[in-house]
Chemist: 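One structure coming up, written as structure tokens, with questions to follow.
All values below were derived from every heavy atom in this structure, side-chain atoms included, with hydrogens, water molecules and symmetry-related copies excluded. Bear in mind that the values here come from a model prediction, so they are computed numbers and not experimental data. Residues: numbered from 1 along the sequence shown.
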Amino acid sequence: MTPLTVPRGPATLTQVIENSLTMAWRGLLRMRRTPEQFGDVLLQPVLFTLMFTYIFGGAIAGGVKSYLPFFVPGILVQSVVTTSVVTGVQLREDMDKGVSDRFRSMPIARAAPLAGALLADTIRYAIATLMTFLTGIAIGWRPEGGIAGVMLAGVLVIACSWAVSWIFALFGVLARTAATVQGVSFLLLFPLTFLSNAFVPAKTLPGWLQGFVAVNPVSHLVTAARELTTTGSAGPDVWWALLGAAAIVAVFAPLTVRAYMRKM
């Protein structure tokens, strides 16, 4: 049976904003009522930071404290960008469970559930960022870029992860199951995050791989975060990261909205 759709004209900008904020609040309430959803943003950054620091620290930098200034920005990018996969997974779950059909029958802006989900997930990115920084500080990381540099690095990574979440939101709209979204997303993310300069210096890699690392957008984001936390200054990679994020949004936001509107 086809779900009931409430006839409505084009939503005004004010209505879109108000409805999107309401849907974002719904997303936050959903997180509060299902605390297990915070596992990836509370535990994963802590485990990854501790595990990789003590596994690679001695081999790569000669000690944990020497490795932390290089490593913390890298694991920050890896942890937060990986968290953005949840956007697409939850979007697909809402569609599979009929929640989107319920939204379709309500007199709200059709794009509001999508916009609200993307907005609410920025809270997840902020939590993952905070947990990574706190874990690094707890084991001896002392960022020479100061508080301002750390905060700017965190905001940059959150903004870029939000941009990447548009890609996974598109996967969520087009895929058949939430498991498919998760599988395809990690298949894309793992090469980008691990074949980068996040964990080891690019110069230690084989020559053919260094070429890929040099153009990998994740490497630009890691380098940008690393410069901000160690020097407090914004180098060229900051602007490359922002340009890449803007390009992703420019391409994938219209595609995602168009695909979502067809479903709604």
Chemist: Examine distances only and state if a side-chain atom of T223 and a backbone atom of H220 form a donor-acceptor pair shorter than 3.5 Å.
Modeler: no
Chemist: Heavy atoms only: give me the nearest P191-N216 pair and the separation to one decimal.
Modeler: O-ND2, 4.3 Å
Chemist: Has S219 got a side-chain atom pairing as donor or acceptor with V213's backbone, closer than 3.5 angstrom?
Modeler: yes
Chemist: Would the distance check show the side chain of N19 and the main-chain N or O of A112 forming a donor-acceptor pair, the cut-off being under 3.5 Å?
Modeler: no
Chemist: Go through it in stages, so that I can follow the logic: the residues are F71 and W141, the test is ring-ring contact (aromatic ring centres under 6.0 Å, His included), and I'd like the CA-CA distance, side-chain angles, deciding distance and then a yes or no.
Modeler: CA-CA 10 Å; F71 173 70; W141 177 54; over 10 Å; no
Chemist: Would you check if the side chain of Y67 reaches a backbone N or O of F199 as a donor-acceptor pair within less than 3.5 Å?
Modeler: yes
Chemist: So, does R124 use its side chain to make a donor-acceptor pair with the main chain of T83 at under 3.5 Å?
Modeler: no
Chemist: Are side-chain heavy atoms of T177 and V181 found at a separation under 4.5 Å?
Modeler: no
Chemist: What's the shortest heavy-atom distance between A169 and L91, and which atoms?
Modeler: O-CD2, 3.6 Å
Chemist: Please evaluate residues Y54 and I139 with respect to the criterion side chain to side chain contact (heavy atoms under 4.5 Å, CB included), reporting the C-alpha separation (whole Å), side-chain torsions for both, the decisive distance (0.1 Å), and the verdict.
Modeler: CA-CA 10 Å; Y54 288 104; I139 59 178; 3.8 Å; yes
Chemist: Give the intermediate values and the outcome of side chain to side chain contact (heavy atoms under 4.5 Å, CB included) for residues I75 and F52.
Modeler: CA-CA 9 Å; I75 195 63; F52 286 116; 3.9 Å; yes
Chemist: Hey, does the side chain of E227 reach the backbone of G235 with a donor-acceptor pair shorter than 3.5 angstrom?
Modeler: yes
Chemist: Mind running side chain to side chain contact (heavy atoms under 4.5 Å, CB included) on D121 and Q90 for me, showing each step along the way?
Modeler: CA-CA 10 Å; D121 280 341; Q90 292 186 345; 4.2 Å; yes
Chemist: Who are the side-chain contact (heavy atoms from CB on, under 4.5 Å) partners of F190, not counting sequence neighbours?
Modeler: F186, F194
Chemist: What are the two closest heavy atoms between T256 and W166, and how far apart are they?
Modeler: OG1-O, 3.2 Å
Chemist: For F70, does the six-membered ring have the charged nitrogen or CZ of R226 within the cation-pi criterion, i.e. under 6.0 angstrom from the centroid and within 45° of the normal?
Modeler: yes
Chemist: Mark yes or no for whether T53, through its side chain, and L50, through its backbone, hold a donor-acceptor pair below 3.5 Å.
Modeler: no
Chemist: Kindly write out the residues that satisfy ring-ring contact (aromatic ring centres under 6.0 Å, His included) with F252, not counting sequence neighbours, or none if the list is empty.
Modeler: none
Chemist: Tell me whether T180 contacts the main-chain N or O of R176 through its side chain, where contact means a donor paired with an acceptor under 3.5 Å.
Modeler: no
Chemist: Give the minimum heavy-atom separation between T87 and Y125, together with the two atoms involved.
Modeler: OG1-OH, 3.3 Å
Chemist: So, the side chain of Q210 versus the backbone of L205: is there a donor-acceptor pair under 3.5 Å, distance only?
Modeler: yes
Chemist: Using a 4.5 Å cut-off on heavy atoms from C-beta on, say whether the side chain of P113 contacts that of Y260.
Modeler: yes
Chemist: Does a side-chain heavy-atom distance below 4.5 Å link I127 with I123?
Modeler: yes
Chemist: Can you check whether I248 reaches I167 side chain to side chain, under 4.5 Å on heavy atoms?
Modeler: yes
Chemist: Looking at S185 and Q182, would you say the former's side chain and the latter's main chain have a donor-acceptor pair under 3.5 Å?
Modeler: no
Chemist: Run the side-chain contact (heavy atoms from CB on, under 4.5 Å) test against L152 and tell me which residues pass, sequence neighbours left out.
Modeler: L228
